[in-house]
Amino acid sequence: MTEPGREEPGLERASGWDCFYAVVAEIPRGKVATYGGVARLSGVYRGARAVGWALRALPPGAAVPWWRVISSQGCVSPRAAGMQAQADLLRQEGVVVSDDLRVDLERYLWDAEAGA
DNA sequence: CGTATGACGAGCC
DNA sequence: AGGCTCGCCATAC
């Protein structure tokens, strides 16, 4: 990780989102991060929306675990089209997703700031 | 160039 | 405690 200078073969739309993708790609398996969290780690405190846009524009073959990115409320993107599949992916990684598509941030929140 | 939208966040009522 | 509005960044039209 920590190699944002290298563009993945599936990321051609990377303009200013490369930072976001780099942070999201660093999220360890079994952990989740919040939009605002990724934005902060990327250097944009109030860029939560920008992160949403970045993930939203993410190609289907992107090498970015966008499913590990959830809202600060601990719930999986309620606007996402395949949120059900997203929850399933998280479960496969060991993350316990409630039937309400909610994740225990206190338990699965990626401590990038504390772990970095 | 200005306006509108968007998978959010935090503050305010 | 709950709900609503504004603000942030970036892209699209």
Could you tabulate the donor-acceptor pairs under 3.5 Å formed by side-chain atoms of residues 55-73 of chain A, not counting sequence neighbours?
residue: Trp67(A); atom: NE1; partner: Glu93(A); partner atom: OE2; Å: 3.3
residue: Arg68(A); atom: NE; partner: Glu93(A); partner atom: OE1; Å: 2.8
residue: Arg68(A); atom: NE; partner: Glu93(A); partner atom: OE2; Å: 3.1
residue: Arg68(A); atom: NH1; partner: Ile27(A); partner atom: O; Å: 2.7
residue: Arg68(A); atom: NH2; partner: Glu93(A); partner atom: OE2; Å: 2.7
residue: Ser71(A); atom: OG; partner: Cys75(A); partner atom: O; Å: 2.9

Let me have the donor-acceptor pairs involving side chains of residues 94-109 of chain A, under 3.5 Å, with sequence neighbours excluded, atom names and distances please.
residue: Ser98(A); atom: OG; partner: Arg102(A); partner atom: O; Å: 3.3
residue: Asp104(A); atom: OD1; partner: Glu106(A); partner atom: N; Å: 3.1
residue: Asp104(A); atom: OD1; partner: Arg107(A); partner atom: N; Å: 3.4

Contacts table for residues 42-53 of chain A: side-chain donor-acceptor under 3.5 angstrom, sequence neighbours left out:
residue: Ser42(A); atom: OG; partner: Val38(A); partner atom: O; Å: 2.6

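When rounded to the nearest whole Å, the span between CZ of Phe20(A) and C1' of dG6(B) equals 13 Å. Between the P atom of dA7(B) and the CH2 atom of Trp17(A) lies a distance of 12 Å, rounded to the nearest Å. Atom-to-atom, CZ of Arg56(A) to P of dA12(C) comes out at 9 Å; the value is rounded to the nearest Å. We find that CG of Leu55(A) is positioned 14 Å from C1' of dT11(C), with the value rounded to whole Å. Atom CH2 in Trp67(A) sits roughly 15 Å away from atom C1' in dA7(B) (whole-Å rounding).
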Nucleotide N/O of nucleotides 9-13 of chain B paired with protein N/O under 3.5 Å:
residue: dG9(B); atom: OP1; partner: Ser72(A); partner atom: N; Å: 2.9
residue: dG9(B); atom: OP1; partner: Ser72(A); partner atom: OG; Å: 3.2
residue: dG9(B); atom: OP2; partner: Ser72(A); partner atom: N; Å: 3.2
residue: dG9(B); atom: OP2; partner: Ser72(A); partner atom: OG; Å: 3.0

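For the residue pair Ala54(A) and Tyr21(A), the shortest heavy atom distance occurs at O-OH, 2.9 Å.
With sequence neighbours excluded, the residues satisfying side chain to side chain donor-acceptor pair (under 3.5 Å) with Gln92(A) are Asp88(A).
Between atom CG of residue Leu90(A) and atom NZ of residue Lys31(A) there is a gap of 13.0 Å, rounded to the nearest 0.5 Å.
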